[in-house]
**Student:** 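Quick one: the structure is below, and I'll ask about it shortly.
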There are 2 protein chains.
Amino acid sequence: MELVRIYECLCDVTRLRLLNVLAQGPVCVCHFQEVLGEPQVKISKHLAYLRERGLVESERQGNWVIYELATKPSRELKVNLACLQDCARENRVFKRDLARLKQIEASCAWVRAGEPAKASGQCRGG
Amino acid sequence: MELVRIYECLCDVTRLRLLNVLAQGPVCVCHFQEVLGEPQVKISKHLAYLRERGLVESERQGNWVIYELATKPSRELKVNLACLQDCARENRVFKRDLARLKQIEASCAWVRAGEPAKASGQCRGG
DNA sequence: TGATCGTATTCCTTTGCCGGAATACGCTTC
DNA sequence: GAAGCGTATTCCGGCAAAGGAATACGATCA
């Protein structure tokens, strides 16, 4: 049953946090590390887990890899991600992550507006 | 995070089927066995799993034990059970289970209407 | 071409879950 | 109180997942 595969993805805090962040839009791996404050291996492995099960997709941009939510989600996936968003709205951890994400994206904004990302050593995911 | 505990309950087919059946109302263990067509141990253990995590409650009635959904569910639990119901509506397995449940309950109805359950050797859960 | 950066993978250990067989428990009936 | 019924628990074996350390990979830069 596909539904079970979806729930299997949702029964880990790290993955829930990743999905919550991704709900805001595409993000690169290095940003995940900063936002979640978790080691690279952990982030990378959980993203791989989500990718194998079709919840997220990835695209390489030079050195960086950008992740985003599935572009063609099944109905079940869509419904459950919406449900997760509903629950995340009132949760400390999720809200803190989004706050951090905004900070990081803000400090990237002037980079994107000015010099290209390469020159400044900043990635552009998000 | 409580949300994870909920999702852990949802990432097993048997438990999803149990919850789907319970959404119709209280049910006793022996009915679960008939509806799901699974061995007693399996049913009992998954129900215990759900009970430990507060998704269901149980009550003994003579030889039989009746299970029902949590009477005071958290907001997160309520939302997710509703979401599950949404998904279950279009799923073969879930629909088949409910059909079997109706059959069983129908064959119990005349029992409940007439002789007491004890006399006929039928349980009354559901 | 070699160094460096961001990301992925492998190896390993620990932990938890799933399923079945056997058995124990609580309750009713005779 | 012993037998019978419905349910729960224990004791396995197998398997998958999680986390960290080390390492490999792909791309860029000097």
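By convention in this document, chain letters (A, B, ...) are assigned in the order of the sequence lines, proteins followed by strands, and residues within each chain are numbered from 1. This one's a predicted model, so the numbers in the text were calculated from it and none came from an experiment.
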**Student:** Do A/T14 and A/E38 have side-chain N/O donor and acceptor atoms under 3.5 Å apart?
**Tutor:** no
**Student:** Under a 4.0 Å heavy-atom cut-off, which of residues 3-18 of chain B touch DNA chain C?
**Tutor:** B/D12, B/R15
**Student:** Just the rounded figure in Å: distance from C1' of D/dA27 to CH2 of A/W64.
**Tutor:** 10 Å
**Student:** Kindly give the heavy-atom pair with the smallest separation between A/G54 and A/L77, and that separation in Å.
**Tutor:** O-CD2, 4.1 Å
**Student:** Is the closest basic N to carboxylate O distance between B/D12 and B/K42 below 4.0 Å?
**Tutor:** no
**Student:** Using only atom types and a distance under 3.5 Å, with no angle test, would you say the side chain of B/R17 pairs donor to acceptor with the backbone of B/L36?
**Tutor:** yes
**Student:** Using whole Å, what does the distance between atom P of nucleotide D/dC5 and atom CZ of B/R60 come to?
**Tutor:** 16 Å
**Student:** Among D/dA8, D/dG19, C/dA8, find the nucleotide with the atom closest to the side chain of A/K45.
**Tutor:** D/dG19
**Student:** Just call it for B/V41: base, sugar-phosphate, or nothing, with non-hydrogen atoms closer than 4.0 Å on any strand.
**Tutor:** base
**Student:** For the side chain of B/K42, counting heavy atoms from C-beta on, which of C/dG20, C/dT9, D/dA8 is nearest?
**Tutor:** C/dG20
**Student:** Do you know which two heavy atoms are closest between B/Y67 and B/V29, and how far apart they sit?
**Tutor:** CE1-CG2, 3.6 Å
**Student:** For B/Y67, answer base if it contacts any base atom (sugar-phosphate contacts may also be present), sugar-phosphate if it contacts only those atoms, and nothing otherwise; contact means non-hydrogen atoms under 4.0 Å.
**Tutor:** sugar-phosphate
**Student:** Mind calculating the distance between CG (A/L47) and P (D/dG19) to the nearest angstrom?
**Tutor:** 13 Å
**Student:** Got a sec? Which of residues 48-57 of chain A come in under 4.0 Å of DNA chain D, heavy atoms?
**Tutor:** A/Y49, A/R53
**Student:** Could you work out which one of C/dG20, D/dT7, C/dA8 sits closest to the side chain of B/P39?
**Tutor:** C/dG20
**Student:** Can you work out whether B/Q40 or A/H46 has the more 5'-proximal nearest nucleotide on DNA chain D?
**Tutor:** B/Q40
**Student:** Checking B/V56 against B/L19 for the side-chain contact (heavy atoms from CB on, under 4.5 Å) test, could you report, in this order, the C-alpha distance in whole Å, the side-chain angles of both residues, the deciding distance, and whether it holds?
**Tutor:** CA-CA 8 Å; B/V56 306; B/L19 291 170; 4.1 Å; yes
**Student:** Any donor-acceptor pair under 3.5 Å linking the side chain of B/Q85 with the backbone of B/A23?
**Tutor:** no
**Student:** Among C/dG26, D/dT7, D/dA18, which is the nearest nucleotide to the side chain of B/N63?
**Tutor:** C/dG26
**Student:** Just by distance, do the side chain of B/R60 and the backbone of B/G62 share a donor-acceptor pair under 3.5 Å?
**Tutor:** yes
